[in-house]
Amino acid sequence: MKVLGIETSCDETGVAIYDEHRGLIADLLYSQIDLHKKYGGVVPELASRDHIRKTLPMIDQALIDSDCHPRDIDGIAYTAGPGLVGALLVGASIAKSLALAWNIPALGIHHMEGHLLAARLTSEPPDYPYVALLVSGGHTLLLCCENPGQYQLLGESLDDAAGEAFDKVAKMLSLGYPGGPEIARLALNGNRNRFIFPRPMTNRPGLDFSFSGLKTFTLNTLKDLEQPTDQDKADIAVAFQTAVVDTIRIKCQRALEQTGLTTLVIAGGVSANIELRVELRKMTDKYGGTVYYPAPEFCTDNGAMIAYAGFERLKRGQTEDLSIDVKPRWPMTDLPAMG
């Protein structure tokens with residue numbers, strides 16, 4: 001079975017082809033960062049228009065790269081949500097049109113399940129059950145993954161997601177977009193002992209997150225400095241990053257203790273943060289557990305994760321009709337088990 005994957009949920013256009021026997025045989029990604037950078041964030045209308053321009057040529061190129069003809073493709077997977085509605089509609093419309101023309105099934109994939117399953121695009125994937133941390137620009141979730149497609153929500157962000165908080169704090173510090181890599185870079189020059197930022201919602205039970213207050217604390221610290229120097233900004237960057245990482249580590253540790261599991265999977269764009277990886281590795285090592293991450297190229301949005309998630313569901317017989325229906329908001333707990 002060969003599955004074409006299309007990812008157009010936000011500001012990356014991803015196209016990939018996954019082969020049941022050979023793995024990924026094509027993987028293309030186009031980032032819109034340069035397009036949105038001057039606005040300090042994603043402009044939905046511009047994102048949708050760019051997906052329209054890029055997706056079909058990238059599909060043509062993926063077929064060339066994999067030495068495939070449309071008749072070789074057995075199914076199409078596309079991101080149906082969550083995400084920007086206009087961007088999602090581009091991918092869904094193209095997928096359903098090609099499915100009709102090629103007489104093959106098309107299946108909508110949950111964006112965050114794609115991120116989660118990206119950790120399985122490796123020679124040594126994690127075994128079920130495990131705890132998963134999905135942390136990106138739009139989502140921060142803790143899940144108990146009992147079986148393929150069977151997810152129990154343990155905790156989620158009540159306001160800003162971690163990646164969103166990174167973007168907003170980067171803007172406060174006059175850094176570029178996206179904010180996570182920019183803050184991580186600046187934090188390397190920061191004094192860890194100068195500022196101590198709060199670890200929100202860690203002094204109470206539960207596994208939910210909140211980063212809005214931490215964002216406000218950062219803004220107030222910056223205002224108190226009146227005319228912050230480059231070193232001031234670096235010190236704030238490292239204090240903010242350390243607070244976010246520490247908060248996530250504490251919640252992940254609680255999740256493992258609560259479930260009695262020892263395997264942690266972390267996925268999503270923020271999972272590329274080096275300090276977060278180091279701290280979670282230390283924590284799981286201490287408890288005799290194991291932490292898994294996707295390869296760096298699969299941490300951000302990509303077509304490979306959608307192609308693979310589509311393969312896993314299509315091979316188990318999941319289908320849908322050719323109507324175009326996207327879900328900008330879509331709880332993972334609503335997904336059917338894979339069987």
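What you see is a predicted model, and the numbers here were worked out from it, not measured in a lab.
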Engineer: Does one hydrophobic cluster hold both Ile109 and Ile73, with members joined at side-chain heavy-atom distances below 4.5 Å?
Structural biologist: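 In one cluster: no.
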Engineer: With no hydrogens and no angle check, just 3.5 Å: does a side-chain donor-acceptor pair link Thr229 and Asp232?
Structural biologist: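 Distance-only check passes for Thr229 and Asp232.
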Engineer: Looking at Lys54 and Glu12, does any basic side-chain N land under 4.0 Å from a carboxylate oxygen?
Structural biologist: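 Judged by the 4.0 Å cut-off on N to carboxylate O distance, Lys54 and Glu12 do not form a salt bridge.
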Engineer: If you measure only the distance, is there a donor-acceptor pair under 3.5 Å linking the side chains of His111 and Glu7?
Structural biologist: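 On atom types as modelled, these side chains qualify, holding a pair under 3.5 Å.
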Engineer: Got a second to check how far Glu320's CD is from Leu314's CG, nearest 0.5 Å?
Structural biologist: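 One gets 9.0 Å once the value is rounded to the nearest 0.5 Å.
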Engineer: State whether a side-chain donor-acceptor pair under 3.5 Å links Tyr151 with Glu113.
Structural biologist: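 Checked: Tyr151/Glu113 side chains pair up, N/O donor to acceptor below 3.5 Å.
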Engineer: Under the side chain to side chain contact (heavy atoms under 4.5 Å, CB included) test against Leu116, which residue among Leu134, Ile266, Leu141 passes?
Structural biologist: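 Testing Leu116 for a side chain to side chain contact (heavy atoms under 4.5 Å, CB included) against Leu134, Ile266, Leu141 leaves exactly one candidate, Leu134.
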Engineer: Got a second to check how far Leu35's CG is from Asp11's CG, nearest 0.5 Å?
Structural biologist: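 Here the rounded value is 9.0 Å.
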Engineer: Which word best sums up how the rings of Phe240 and Phe166 line up, parallel for under 30°, tilted for 30 to 60°, or perpendicular for over 60°?
Structural biologist: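 Phe240 and Phe166: perpendicular rings.
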Engineer: Between SG of Cys252 and CE of Met283, what distance do you get to the nearest 0.5 Å?
Structural biologist: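 It is 5.5 Å, given to the nearest 0.5 Å.
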Engineer: Verify, without hydrogens or angle tests, whether Arg249 (side chain) and Lys282 (backbone) share a donor-acceptor contact under 3.5 angstrom.
Structural biologist: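 Not a single qualifying donor-acceptor pair exists.
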Engineer: Could you tell me whether a side-chain N or O of Thr8 sits under 3.5 Å from a main-chain N or O of Gly91, the two making a donor and an acceptor?
Structural biologist: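 Yes.
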Engineer: Roughly how far, to the nearest 0.5 Å, is CD of Glu279 from CG of Asn273?
Structural biologist: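 So the CG of Asn273 and the CD of Glu279 are separated by 10.0 Å.
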Engineer: Can you check side-chain contact (heavy atoms from CB on, under 4.5 Å) on His110 and Lys327, steps first, answer last?
Structural biologist: CA-CA 9 Å; His110 194 292; Lys327 301 174 182 178; over 6 Å; no
Engineer: With a cut-off of 6.0 Å (strictly less than), are more than 12 heavy atoms of other residues, nucleotides or ligands near CG of Asp67?
Structural biologist: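 No, the 6.0 Å shell around CG holds no more than 12 heavy atoms from other groups.
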Engineer: Indicate the ring-plane relationship of Phe197 and Phe195, choosing parallel, tilted or perpendicular according to the 30° and 60° boundaries.
Structural biologist: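 Rings of Phe197 and Phe195: tilted, as their planes differ by 30° to 60°.
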Engineer: Say you draw a straight line from CG of Leu173 to CD1 of Ile236; how long is it, rounded to the nearest 0.5 Å?
Structural biologist: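 With rounding to 0.5 Å, CG (Leu173) is 6.0 Å from CD1 (Ile236).
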Engineer: Might you work through the side-chain contact (heavy atoms from CB on, under 4.5 Å) test for Ser48 and Leu89, ending with a clear yes or no?
Structural biologist: CA-CA 8 Å; Ser48 301; Leu89 283 169; over 6 Å; no
Engineer: Looking only at side chains, do Asp321 and Ser323 share a donor and an acceptor under 3.5 Å apart?
Structural biologist: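 Yes, side-chain donor-acceptor contact under 3.5 Å.
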Engineer: Out of curiosity, does Val135 fall in the hydrophobic cluster containing Val169 (side-chain heavy atoms, cut-off under 4.5 Å, transitive links)?
Structural biologist: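 They do share one cluster, since a chain of ILVMFWY contacts under 4.5 Å joins Val169 to Val135.
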Engineer: What I want to find out is whether Asp19 reaches Lys2 closely enough, with some N-O distance under 4.0 Å, to be called a salt bridge.
Structural biologist: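 Salt bridge present between Asp19 and Lys2.
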Engineer: Tell me, yes or no, whether the heavy-atom count around Asn220 atom CG, taken from other residues, nucleotides or ligands under 6.0 Å, exceeds 12.
Structural biologist: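 Buried by this count: over 12 neighbours within 6.0 Å.
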Engineer: When rounded to the nearest 0.5 angstrom, what distance separates OH in Tyr308 from CZ in Arg120?
Structural biologist: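 That separation rounds to 5.0 Å.
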Engineer: What I want to check is whether the side chains of Ser210 and Asp159 have a donor and an acceptor closer together than 3.5 Å.
Structural biologist: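 Yes, a side-chain donor-acceptor pair sits under 3.5 Å.
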Engineer: Does this structure show an ion pair linking Asp34 with Lys37, if we count only N-O contacts that are shorter than 4.0 Å?
Structural biologist: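 Lys37 and Asp34: salt-bridged.
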Engineer: So that I can tick it off, tell me whether Arg185 and Glu182 are bridged by a salt bridge, with the cut-off set at under 4.0 angstrom between side-chain N and carboxylate O.
Structural biologist: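 Looking at Arg185 together with Glu182, the answer is yes, because their closest N to O distance falls below 4.0 Å.
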Engineer: When the ring planes of Tyr128 and Tyr130 are compared, do they come out parallel, tilted or perpendicular, using 30° and 60° as the limits?
Structural biologist: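 The arrangement is parallel - the two ring planes meet at less than 30°.
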Engineer: Indicate, with yes or no, if Val3 and Leu56 share a hydrophobic cluster defined by side-chain heavy-atom contacts under 4.5 Å among Ile, Leu, Val, Met, Phe, Trp and Tyr.
Structural biologist: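 Leu56 does not cluster with Val3.
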Engineer: Hydrophobic clustering (ILVMFWY, side-chain heavy atoms < 4.5 Å, transitive) - are Leu175 and Phe217 grouped together?
Structural biologist: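 Yes, Phe217 connects to Leu175 through the hydrophobic network.
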Engineer: Taking atom CZ as the centre, does Arg49 end up with more than 12 heavy-atom neighbours from other residues, nucleotides or ligands that are less than 6.0 angstrom away?
Structural biologist: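 No.
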Engineer: Are more than 12 heavy atoms from other residues, nucleotides or ligands located less than 6.0 Å from atom CG of Asn103?
Structural biologist: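 Atom CG in Asn103 is not crowded, with 12 or fewer foreign heavy atoms closer than 6.0 Å.
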Engineer: Treat each ILVMFWY residue as a node, draw an edge where side-chain heavy atoms are under 4.5 Å apart, and state whether Tyr78 and Tyr18 are in one component.
Structural biologist: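 Looking at the clustering, Tyr18 is in a separate group from Tyr78.
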Engineer: Taking 4.0 angstrom as the limit, do Glu275 and Arg192 come out as a salt bridge?
Structural biologist: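 A salt bridge is present here (some side-chain N lies under 4.0 Å from a carboxylate O).
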Engineer: Check Pro129 against Leu261 and note the closest heavy-atom contact, atom names and distance.
Structural biologist: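 The answer is CG-CD2, 3.6 Å.
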